[in-house]
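Protein chains get the first letters and strands the later ones, always in sequence-line order, with residue 1 at the start of each. These figures come from a predicted structure and were not determined experimentally.
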Protein chains: 2
Amino acid sequence: MGRPKQFDPEAAVEQAMQVFWRQGYAATTPQDLVDALGIGKGSLYHAFGSKHALFERALRRYRDSQALAVIELLGGDGPVKDRLRAALLMLVEMDLADPDRRGCMAVNTAAELAGADEVAAELVRRMFDRTEEALRALVEEGRRSGEISTERDARAVGSMLLSTAVGLRLLARVADGPERLSLVVEATVDSL
Amino acid sequence: MGRPKQFDPEAAVEQAMQVFWRQGYAATTPQDLVDALGIGKGSLYHAFGSKHALFERALRRYRDSQALAVIELLGGDGPVKDRLRAALLMLVEMDLADPDRRGCMAVNTAAELAGADEVAAELVRRMFDRTEEALRALVEEGRRSGEISTERDARAVGSMLLSTAVGLRLLARVADGPERLSLVVEATVDSL
DNA sequence: CCAGTTCTTGAGCTACAGGTACAAAATGCG
DNA sequence: CGCATTTTGTACCTGTAGCTCAAGAACTGG
């Protein structure tokens, strides 16, 4: 029924995600989006309704593609500390390899919109919650296997690891080299 | 020597800092600034030149007033761990007590502008460097007094603490309560 | 092949961002 | 007091943000 779409909406959201990720919400103009998606302005608004709605879809896409990837990495096998180190190092490498140094979109969104956009804030909150949950599960696994001390509360350690990881990704935005970030990873793993 | 200014430039920069801190750079309009500073648009541009120049001054003011306060807290006396805990808890309390939940302006600026504004990025980088340096000095003091293990590199631990503190302040932007953040502080201090 | 539906494009719209121009007003100086 | 100098308020300017709409193109069912 009706004329078929001439573009793939998912691909368009993907492109929008890349732009929002690089520039943030406020600094991204409809023209930026039109250029990146390769469709007319009318199509954009017809398909997505508003800049904000498109941002929301982009952020959900980020969650489903990027944020989950890290969590899955934590759930692999092998020594717990090795998994944690591998996951953190992957973040560092990804962040530094990105020519635009965009860091983590959830982190950037928290910093930019937490106070003004409750929908975005809630999405980010949940992403953080999921990540923290995965970290806590990893810690508990390590406690069971004897790799991690049982002295400290697993929940507290999980929260601390989330905090460190979030800080790591923010520092990656201004870091002038990999040394410091790698040190953070080592010190963090060693602290368990 | 000409007509004297009818407003205090430093007080104006202070107000501008509050606005930028709350809303970020891109989301702040000249009108917002005019309203907050209580001066005419002509005076604003005559005195500060551009929105960006005013932002830069606001960020420097943030560094000199806010960022240095934390560093000074670390340099007090008493047990090292107590000082660290007190400093981190103060951050948490301040961040949660703020009705606008603005978090740390340096962190927010890093997230918003690191990729697009080298001047701002450099300012933030230096703030982070100074904080990290203070944390490292604290760790070294703790090592000398026997409060902190000498197994791990002091520089690495200092970087890790910076990362955790930065993460903490970002999480404060979306946190729904104090529990989790307090857990992070305890786990961090206990990890030393 | 026509009716009804959905999509596309680009022009156009209102409001405001970000800044400039300028003349009036307020000073110190000789 | 006249003068140069600086500040102030307001009007004004250009460009663009963010969105809407009209006109038509591409489809489907009957």
Side-chain angles (χ1 to χ4, degrees), chain A residues 1-60 108-109 112-113 115-120, chain B residues 1-60 108-109 112-113 115-120:
Chain A
M1 307 264 285
R3 177 175 179 172
K5 276 197 169 63
Q6 304 217 330
F7 63 97
D8 177 2
E10 286 309 310
V13 173
E14 169 71 24
Q15 290 306 311
M17 181 189 83
Q18 300 293 341
V19 177
F20 281 128
W21 191 355
R22 173 155 34 87
Q23 308 185 343
Y25 178 74
T28 297
T29 71
Q31 192 56 47
D32 291 336
L33 294 167
V34 163
D35 293 345
L37 307 208
I39 64 181
K41 209 189 292 194
S43 295
L44 194 158
Y45 278 89
H46 177 66
F48 301 109
S50 70
K51 177 184 164 185
H52 186 269
L54 179 54
F55 178 79
E56 199 179 314
R57 289 198 56 175
L59 192 55
R60 288 182 199 279
N108 298 348
T109 300
E112 186 187 359
L113 296 178
D117 182 341
E118 187 46 45
V119 174
Chain B
M1 302 177 17
R3 177 176 177 173
K5 275 194 172 60
Q6 304 216 330
F7 64 95
D8 176 2
E10 285 310 309
V13 173
E14 169 71 23
Q15 290 307 310
M17 182 189 84
Q18 300 292 342
V19 177
F20 281 128
W21 191 356
R22 173 154 32 86
Q23 307 185 344
Y25 178 73
T28 297
T29 71
Q31 192 56 48
D32 291 335
L33 294 167
V34 164
D35 293 345
L37 307 207
I39 64 179
K41 209 192 291 197
S43 296
L44 195 159
Y45 277 90
H46 177 66
F48 301 109
S50 70
K51 176 184 163 185
H52 186 270
L54 178 54
F55 178 78
E56 199 179 314
R57 289 197 56 174
L59 191 56
R60 289 183 198 279
N108 298 348
T109 300
E112 185 187 359
L113 297 178
D117 183 342
E118 187 46 44
V119 175

Nearest whole Å is fine: how far is [N] [atom2] from [X] [atom1]?
| X | N | atom1 | atom2 | result |
| --- | --- | --- | --- | --- |
| B/F48 | C/dG18 | CZ | C1' | 16 Å |
| B/F55 | C/dG19 | CZ | C1' | 19 Å |
| B/L54 | C/dG18 | CG | C1' | 13 Å |
| A/L33 | D/dC19 | CG | P | 11 Å |
| A/Q31 | C/dA11 | CD | P | 12 Å |
| A/K51 | D/dC19 | NZ | P | 8 Å |
| B/D32 | C/dC16 | CG | C1' | 12 Å |
| A/Y45 | C/dC13 | OH | P | 18 Å |

Is any side-chain heavy atom of B/Q23 less than 4.5 Å from a side-chain heavy atom of B/D32?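 Yes - at least one pair of side-chain heavy atoms lies under 4.5 Å apart.
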
Counting distance only, does the side-chain N/O of A/K51 pair as donor-acceptor with the main-chain N or O of A/T28 below 3.5 Å?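 Yes, A/K51 side chain to A/T28 backbone: donor-acceptor pair under 3.5 Å.
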
Measure from the side-chain N and O atoms of A/E112 to the backbone N and O of A/A26, and report whether any donor-acceptor pair falls under 3.5 Å.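 Answer holds: yes.
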
With B/Q18, which of B/R22, B/Q15, B/E14 fulfils side chain to side chain donor-acceptor pair (under 3.5 Å)?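 Exactly one option meets the side chain to side chain donor-acceptor pair (under 3.5 Å) with B/Q18, and it is B/E14.
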
Check the interface with nucleotides 6-10 of chain D: list each N/O to N/O pair with the protein under 3.5 Å, or write none.
residue, atom, partner, partner atom, Å
D/dT6, O2, B/R3, N, 3.3
D/dT7, OP1, B/K5, NZ, 2.8
D/dT7, OP2, B/H46, NE2, 2.5
D/dT7, O2, B/R3, NH1, 3.1
D/dT8, OP1, B/Q6, N, 2.7
D/dT8, OP2, B/S43, OG, 3.2
D/dT8, O5', B/S43, OG, 3.2
D/dG9, OP2, B/G40, N, 3.2

Are any of A/T29's side-chain N or O atoms less than 4.0 Å away from OP1 or OP2 of D/dA17?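 A/T29 to D/dA17 OP1/OP2: side-chain N or O found under 4.0 Å.
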
Taking only Lys NZ, Arg NE, NH1 and NH2, and the carboxylate oxygens of Asp or Glu, determine whether A/E10 and A/R57 approach each other closer than 4.0 Å.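 Between A/R57 and A/E10 there is a salt bridge, with a charged N closer than 4.0 Å to a carboxylate O.
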
Ring pair (Phe, Tyr, Trp, His ring centres under 6.0 Å) contacts touching residues 26-51 of chain B (sequence neighbours left out):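 As it turns out, there is no ring pair (Phe, Tyr, Trp, His ring centres under 6.0 Å) pair with a partner in residues 26-51 of chain B once direct neighbours are skipped.
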
